[in-house]
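Atoms within a ligand are numbered from 1 in the order they appear, just like the ligands themselves. The figures here come from the full heavy-atom set of this structure, side chains too, leaving out hydrogens, waters and symmetry mates.
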Amino acid sequence: MDLAPSNRRRFLKHPAAIAGLAAAGVDPSSAKTPDLDAPSDGERNLHEYGARSHYETAIRTGALGGPLLGFRTPLQNSVGIITPGSLHYIVSHGYDPPDIDPRHHTLMIHGMVDRPLVFSVEELQRLPSVSRVYFLECHGNTAPSPLRPSVTVQDTHGLTSCSEWTGVPLSLLLNQVGVKKGATWLIAEGADVQKHSKSIPIGKATDDVLVVYAQNGEALRPEQGYPLRLFVPGWEGINNVKWLRRIKLADEPYMSMMESTKYAVIHTDGTSRWFLFEFGAKSVITRPSGGQQLPTRGFYEITGLAWSGAGAVRRVEVSTDGGKTWADAKLQEPIARKAHTRFLFPWNWNGEEAILQSRCTDEKGQVQPTVETIAKFLKIDLDYIRKSSTMVADFNAIQPWRVDRSGKIQNALL
Ligand SMILES: Nc1nc2c(c(=O)[nH]1)N[C@H]1C(S)=C(S)[C@@H](COP(=O)(O)O)O[C@H]1N2
Ligand SMILES: [Mo]
């Protein structure tokens, strides 16, 4: 049982708990009687570590294990570009995060190195640090599926979030261990029951990969990998190993369980692609969006998020007429590379049916495709995308929302 001071006070006030103490041979008169004028433990705790207003109700949705794999961020309520830690999406194959005491947790770097080293969390926190804003996304995000609802933007796009991450550049740690010539891959492993592990090419590792210990100004949340995670900017979520405990340098990828099974992409011709890393250009209108209802005709600011694994978002266009015409949205500054970028677009709804869409162009000039373009590229038809339970991974199609004349908004993708 957790007997931290605040919990202990609550415990002692409870008559049954006091009786329990007596039975356990502890003198119950040593328990303090409550001071009625003093703030309750609940109030005191809220001042010590805050909570949002009880009028605010946005929550993550979903459950692990079933067809709703992952807890999704309520993007329909998002503002700006930072996702609060409490609402960051979660994909953990082991379900519950391991309970790791940071005083006893270590990161070992070994394999093809000159000097294998073990770092404590405290030692990592003494090293030169960086803080950067980056999105994170599961490659299954947005994949259409007959097995789960795709009504709201939380259903369709909720497996992406964006935070300011703080940690140590991996390149700095690799310099300390001395990477041997011929080492071309690293294999990162987590301390969860499944020992989630992932092979990553060394070029990326020495580019912008971080070993992070903090998120949005506080320690990582347990669900996000407390006390350490690998952060691999712009690359599929699976690379970002949580509860990181080991990095091994090697001269080949390891084909670990997740990367060679669940996260391999199966093509219709029976072949499968094992390694795909960088996300393309993607965007979605978060408000107004699926499942919402416009109360009256008149002015609405259309707003949404755009991002790309390749770098910065250069341009977002919005169409309100089903793609006949497009106009540039305003991008909210500052714009960070490999981060969510908020776009804003003024709109007057005249009460007629409208189809709202956004289209992202990134710094490499990649333009977000339509679902038809994706189908053509993958040599599959729309019906396959609509009905197959085989996931179309890295799905970044333009997302249309249909507003009907009553103001009701529905997903108009397929
Ligand atoms: N140790 C460990 N790391 C992991 C996973 C996991 O199950 N265990 N899931 C991966 C996948 S598939 C994704 S999409 C991201 C999700 O990170 P988040 O839960 O912080 O959003 O973590 C990755 N890292
Ligand atoms: Mo994922």
In chain order, what residues pass the salt bridge (charged side-chain N to carboxylate O under 4.0 Å, His left out) check against Lys364, with sequence neighbours excluded? Glu278

Ring centroids only, cut at 6.0 angstrom: are His93 and Trp243 within range, meaning strictly under it? no

Taking the side chain as everything from C-beta on, heavy atoms only, tell me whether Val113 gets closer than 4.5 Å to Lys180. no

Within 45° cone of Trp326 ring axis and under 6.0 Å: Arg359 NZ or CZ: yes

Which atom pairs, nitrogen or oxygen on both sides, join ligand 1 and the protein at under 3.5 angstrom?
| unit_1 | atom_1 | unit_2 | atom_2 | d |
| --- | --- | --- | --- | --- |
| ligand 1 | 1 (N) | Asp192 | OD1 | 3.2 |
| ligand 1 | 1 (N) | Asp192 | OD2 | 3.0 |
| ligand 1 | 1 (N) | Lys242 | O | 3.0 |
| ligand 1 | 3 (N) | Lys242 | N | 2.9 |
| ligand 1 | 7 (O) | His93 | N | 2.8 |
| ligand 1 | 8 (N) | Asp192 | OD2 | 2.7 |
| ligand 1 | 9 (N) | Val91 | O | 3.1 |
| ligand 1 | 17 (O) | Arg229 | NH2 | 3.0 |
| ligand 1 | 19 (O) | Val91 | N | 3.0 |
| ligand 1 | 19 (O) | Lys242 | NZ | 2.5 |
| ligand 1 | 20 (O) | Gln224 | NE2 | 3.0 |
| ligand 1 | 20 (O) | Arg229 | NH1 | 2.8 |
| ligand 1 | 21 (O) | His88 | ND1 | 3.3 |
| ligand 1 | 21 (O) | Tyr89 | O | 2.6 |
| ligand 1 | 22 (O) | Arg229 | NH2 | 3.3 |
| ligand 1 | 24 (N) | Asn240 | O | 3.0 |

Heavy-atom closest contact (Val212 atom, Leu220 atom, distance): O-CD1, 3.5 Å

Once you round to the nearest 0.5 Å, how far does NZ of Lys198 lie from OH of Tyr254? 14.5 Å

